[in-house]
Each structure stands twice: as C-alpha cells, then as structure tokens.
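Just so we're on the same page: letters track the sequence lines, and every chain starts at 1.
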Protein chains: 2
Amino acid sequence: MTIMPKLPEKTIERLSQYRRALLICLGKNKQYIFSHELAGMLHLTPVQVRRDIMLIGYSGTLRQGYEIREMIALIGKIIDSEEGLKVAVIGLGNLGRAMISYFNGKRTKLSIVAAFDINQEKVNRVYAGVPCYHIDMLSKIIRSENIPIAIMTVPGDEAAKVTESLVLAGIKGILNYTPTPVNVPANTYLQEYDMITSLEKIAYFVKQGNREEHI
Amino acid sequence: MTIMPKLPEKTIERLSQYRRALLICLGKNKQYIFSHELAGMLHLTPVQVRRDIMLIGYSGTLRQGYEIREMIALIGKIIDSEEGLKVAVIGLGNLGRAMISYFNGKRTKLSIVAAFDINQEKVNRVYAGVPCYHIDMLSKIIRSENIPIAIMTVPGDEAAKVTESLVLAGIKGILNYTPTPVNVPANTYLQEYDMITSLEKIAYFVKQGNREEHI
DNA sequence: TTAACATTGTTATTTTTTTAACAATATTTT
DNA sequence: AAAATATTGTTAAAAAAATAACAATGTTAA
Ligand SMILES: NC(=O)c1ccc[n+]([C@@H]2O[C@H](COP(=O)([O-])OP(=O)(O)OC[C@H]3O[C@@H](n4cnc5c(N)ncnc54)[C@H](O)[C@@H]3O)[C@@H](O)[C@H]2O)c1
Ligand SMILES: NC(=O)c1ccc[n+]([C@@H]2O[C@H](COP(=O)([O-])OP(=O)(O)OC[C@H]3O[C@@H](n4cnc5c(N)ncnc54)[C@H](O)[C@@H]3O)[C@@H](O)[C@H]2O)c1
C-alpha cells in the first residue's frame, strides 16, 4: 500500500464527484478524458482537476488525457474501504425512501442494509430490498451487522434522542438531514445538510444578480 | 438602505444557518444568545460567529450577547428579498414531495408555489398545498407566476432536457438534486447537491479514523 | 525535419477562509 | 472602590484553497 500524504478535504469531495462523472462517461463507452472535459462536466477549472489528479499520484498521457477505468479504480482505492461499509437509514419517510431508492445498487462499497422506524406499518416490511426494523432494535442490529454509518431522516424533534442512541450503538459517521443540529463526541464524524441553506444561498445570489443588472 | 460590502460566500451560507438556529432558540423563549452558544449549536468556533456578525454590521451587548430577534431581522434584510421569491419543484416523486413537505410554511420569503410532473396521476392534483402542473405548462406558469427559482428532482436522464426548458422559461436559480450535472448560462445561478458525495466523504473519514486508532 | 500545437504536471502566487491575539468594557465579586 | 471576570469587536496571522504561470513533451502539420 502506497502512502498517501493527507489530501485536502475539498479534494476528497471532488474525488467522489470525479468518479460519478467518470462513471457516466464509461456508460457512454468513452475510454479517455481530458482535464477540461471533466472540469466542464463539474463546473470546475481544468487546472483544479489536474492538480487533484496530481495529488492522488495519477498521471495521464499527453495527447489522450486520463484513462477513465484506471482513474475510477484509483479513486476507489483512496476513498473506499476495501471491505465495504454498511449504512443504515433512520426514519423511513419520504426522504428516507428517496435516499434508499436513489442509493440502491449504485455503489458496491457502500450499501444501505437496514432501515429503522417507529411506525408499525413500516416495521418488519422490506422497502426496495432494505428491511425495516423497529427503532428499539437499533443497537442490536447496528452491532450484529457491524454498521458504522447512519443517515438520519427522522422528524427534527427526534433528532437529539436518535443521535444519542446511534452514538451509544457505536455508529462512527452520521449524515443528519433533519433540520435540528445535533452533537456527537469527537470520534464520531458528523455531516449536516439542510436544503433551506442551499435555497437561501441561491435566493441571495439571484437577488444580487438582479441588482447588478440594474446598475 | 445601508451599503453592505460584499460578504464572503461562506458567511452567506452561515447566515442562513444562524437564522435557523436562532429561530429554534426563539421557539424556546430565549431572548439573548452568546457567540459561544450559537457556535456550539452549529459546530463552529465563537470567533467565527463573532466575525460573521461583525461583517454584517451587528453588535451585541457585552454581558448579554446578541438580541435574537434583532439578529434574525437583520439576517433577513441581508439574505431575503423584500418581495419574497417563488420556487417551483420539477418532478413530484419521493424527493420532490419530501422537499415540499419540509419546506411548506417554514419561510415567509421563499415559497414553493408550483410543482411539475409528466405523470398524469400527479398532474392537476394538489400536494401539501402545492398545485402540480403538467411539464408542458412549465414556461407558461413560470412566467405568469414570476417564479425565479427551481428545485429539480426528476430522474437523471431528464435533467439536461428539463434544465434547458427552465433556462428558456427564464429561471434564474436552479437547485439540482439529480445525479446528473447540468450546464446553465452564466447569468443563471446553479447549485448541485449529491448525497453520495456526502456519504463517501463520511466513509472516507470513518475509514481514516479507524486507521488512526490502529497506529 | 522542423515548427506549431495541445495537453499534462508542477511550482509559485493569489485569494479566500479560518484562527489567534488581544484591547476594550460592562458586570460581578471582593 | 478596586480587582477579577466574561464577553465583544477588530486587527493580525496562519492555513487552506484556488488560480496562474510555465516548462516539458508527445502529436500533428507544414
Ligand atoms: N435536509 C433537508 O434538505 C431535508 C429535506 C426534507 C426533509 N428534511 C427533514 O428530514 C426528516 C424526514 O422528512 P420526511 O419528509 O421523510 O418526513 P416523514 O414524516 O415522511 O418521515 C419521518 C419518518 O420517521 C419516522 N420516525 C419518527 N420518529 C422516529 C424515531 N424516533 N425513530 C425512528 N423513526 C422515527 C416516522 O415514522 C416517519 O416514517 C424531517 O426531519 C424533515 O424535516 C430535511
Ligand atoms: N441528490 C440527492 O441527494 C438525491 C437523493 C435522492 C434522489 N436523488 C435524485 O432525485 C431524483 C428524484 O428522485 P425520486 O426518488 O423522487 O424519484 P421518483 O421517480 O420518485 O420521482 C421522479 C418524478 O419525476 C417525474 N418526471 C419524470 N420525467 C419528468 C419530466 N421530464 N418532467 C417532469 N417530471 C418528470 C416522474 O413522474 C416522478 O414523479 C432522481 O434523479 C434521483 O436520482 C438525488
């Protein structure tokens, strides 16, 4: 295993995006890609793409660009775990279901293997191949199945309580989609996403754009 | 109207988060808040909070901190449009519905006023107060209702086509949740979000965490 | 064969963002 | 009344990220 000097956080994020874009290209039977093509697909600059690729220690060829398969494989070596990691969805409502049906079958190294809910109509059913357990089973299943990552899509009021259970159950990474910010111990990796922040940012720049037009 | 020297993009993002957190505090009948409290809620440092607050030209009081209502009002002045902006959702599937039911009634300045779909079972119905039109009506409704922002939740294959229609219809900001990156002209503000990037980033850091433990 | 060209890889520079440092000061305690 | 304390506001420094510059080089064209 080659030693990889630690990569900038933003580069990690982009590696995931590169792979997504490269998989699309592969689907179109493309073999090679230039930095400016990849940049164009993802609204980045070619320099940034080349720099990221340099950081992960890959090299393209001068007149052909980068070999798509090779690059996908290398990105996998960097961001994936060899054994693969299991993921659970907590709260099988609209958002939880959307996430499962989106994710399903997309990645081999990450897989959603369990959902949890309190609603008896959802518990003990299988949704899109994913079994739904009662939330009381959380700790048991998380441990027995060895699931390190959870996507939280319960109502905001439940977020704190559920987070606590997740941490107690030994979860190491949480993706919090509830509107309620939560707290976790330092050894747990937390990411929060709120659509309203995205929208308000867009609204701000749309507003700015209008103003500029009027200057 | 005071002139606001242009704010860092990251600050804009955090302003939206501050408001969300402040609204939660207001709901608990809290009147004042310290920088370290706000920081704690959002996993930021107190310095960063104070710096942002300085940038928007607000001042707290020395032993009480910041007046929550005042701050919410000021953030509104900066990131909201006075008249309010209308938003449309394109694709009324799981994700589109999740977004509508989440958003509904949350904000006075942004409001989802229309959805579009091709599925005849969804068209001409009202979902959570939002009327769903056939996608053929896109341009007509966008223009007549004066909707500048769209949330795109159609299947990935449709993303390019739908984006083109949106741009032609005069949309100024797009939040793309499909897994397919799209292109827009320079005067249109585009933001893309993909849950897989978030998850893969979490997986990477969970993996790193494990490695560190083993050193 | 040579010149023009397009592209990569890498170092240097600039810009943006975060963090640190610390003076100022109102409040509480002694 | 003086000292201690906790907090803000702001400038300075550091760190992170993005961009620019440009040498190297294989490919194509003249
Ligand atoms: N971050 C975003 O962009 C975004 C977007 C949409 C919705 N949301 C949020 O995501 C969450 C889910 O949204 P939704 O539309 O799917 O809501 P929903 O009501 O359809 O689903 C919530 C599910 O959680 C279950 N649940 C409730 N308490 C639970 C508990 N203690 N343990 C396990 N399951 C429990 C419910 O039975 C339900 O099935 C909400 O908090 C919503 O505000 C966030
Ligand atoms: N970014 C993310 O994190 C994330 C998460 C989940 C899903 N997704 C993506 O979001 C999209 C929607 O997911 P979903 O689970 O709601 O899918 P879905 O199939 O439930 O919904 C898609 C809807 O779009 C409608 N539609 C299809 N073509 C259309 C067109 N040309 N114009 C208007 N409407 C059209 C369909 O009738 C359907 O109602 C998919 O592309 C999915 O991959 C993204």
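- Protein atom CD of Gln64(B) is 12 Å distant from nucleotide atom P of dG9(D), rounded to whole Å.
- Residue Ser59(A) places at least one side-chain N or O under 4.0 Å from the OP1 or OP2 atom of dG9(C).
- Between the CD atom of Glu9(A) and the C1' atom of dA17(D) there is a distance of 12 Å, rounded to whole Å.
- In summary, of the residues considered (Val130(A), Ile151(A), Leu110(A)), a side-chain contact (heavy atoms from CB on, under 4.5 Å) with Phe103(A) occurs for Leu110(A) alone.
- For Arg14(A), a side-chain nitrogen or oxygen approaches OP1 or OP2 of dA18(D) to under 4.0 Å.
- The interatomic distance linking Leu42(A) (CG) with dA18(D) (C1') rounds to 16 Å, in whole Å.
- Rounded to whole angstrom, the span from the NZ atom of Lys6(A) across to the P atom of dA17(D) amounts to 9 Å.
- Comment: Glu158(B) engages Lys161(B) in a salt bridge, judged by a side-chain N to carboxylate O separation of less than 4.0 angstrom.
- Toward the 5' end of DNA chain D, the nearer of the two residues Gly60(B) and Pro8(A), judged by each one's closest nucleotide, is Gly60(B).
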Handout entry: From CA spacing to verdict: side-chain contact (heavy atoms from CB on, under 4.5 Å), Leu7(B), Leu15(B)
Key = CA-CA 10 Å; Leu7(B) 296 164; Leu15(B) 287 180; 4.3 Å; yes

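- Phosphate contact (OP1/OP2 of dA17(D), side-chain N/O of Thr11(A), threshold under 4.0 Å): absent.
- From Arg20(B), atom CZ reaches atom CD of Glu200(A) across 9.5 Å, with rounding to the nearest 0.5 Å.
- Remark: Glu70(A) CD is packed, more than 12 non-hydrogen atoms of other residues, nucleotides or ligands lying under 6.0 Å away.
- In this entry the distance linking CG of Leu55(B) with P of dT18(C) reads 11 Å, nearest Å.
- One interatomic measurement links the two molecules: CG of Leu44(A) to P of dA18(D), which rounds to 9 Å at whole-angstrom precision.
- Side chain of Gln48(B), nearest nucleotide from dT18(C), dT11(D), dA18(D): dT18(C).
- Here dA15(D) presents its C1' atom at 14 Å from NZ of Lys10(A), a figure rounded to the nearest Å.
- Ring pair Phe205(A)/Tyr189(B) is parallel by interplanar angle, where below 30° counts as parallel and above 60° as perpendicular.
- One interatomic measurement links the two molecules: CD1 of Ile56(B) to C1' of dG9(D), which rounds to 13 Å at whole-angstrom precision.
- Scanning atom types as modelled, no donor and acceptor separated by under 3.5 angstrom connect the side chain of Arg50(A) and the base of dT7(C).
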Give each protein N/O atom lying under 3.5 Å from an N/O atom of nucleotides 25-30 of chain D, with the pair distance.
unit_1, atom_1, unit_2, atom_2, d
dG26(D), N2, Arg63(A), NH1, 2.4

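- Between its two ends, the helix from dT1(C)-dA30(D) to dT30(C)-dA1(D) turns its axis by 0°, counting five pairs per end and rounding to 10 degrees.
- Using the six-membered ring where Trp is involved, Tyr193(A) and Tyr193(B) have ring planes that are parallel, under 30° apart on the 30 and 60° scheme.
- Residues from residues 30-38 of chain B that place a heavy atom under 4.0 Å from any atom of DNA chain C: there are none.
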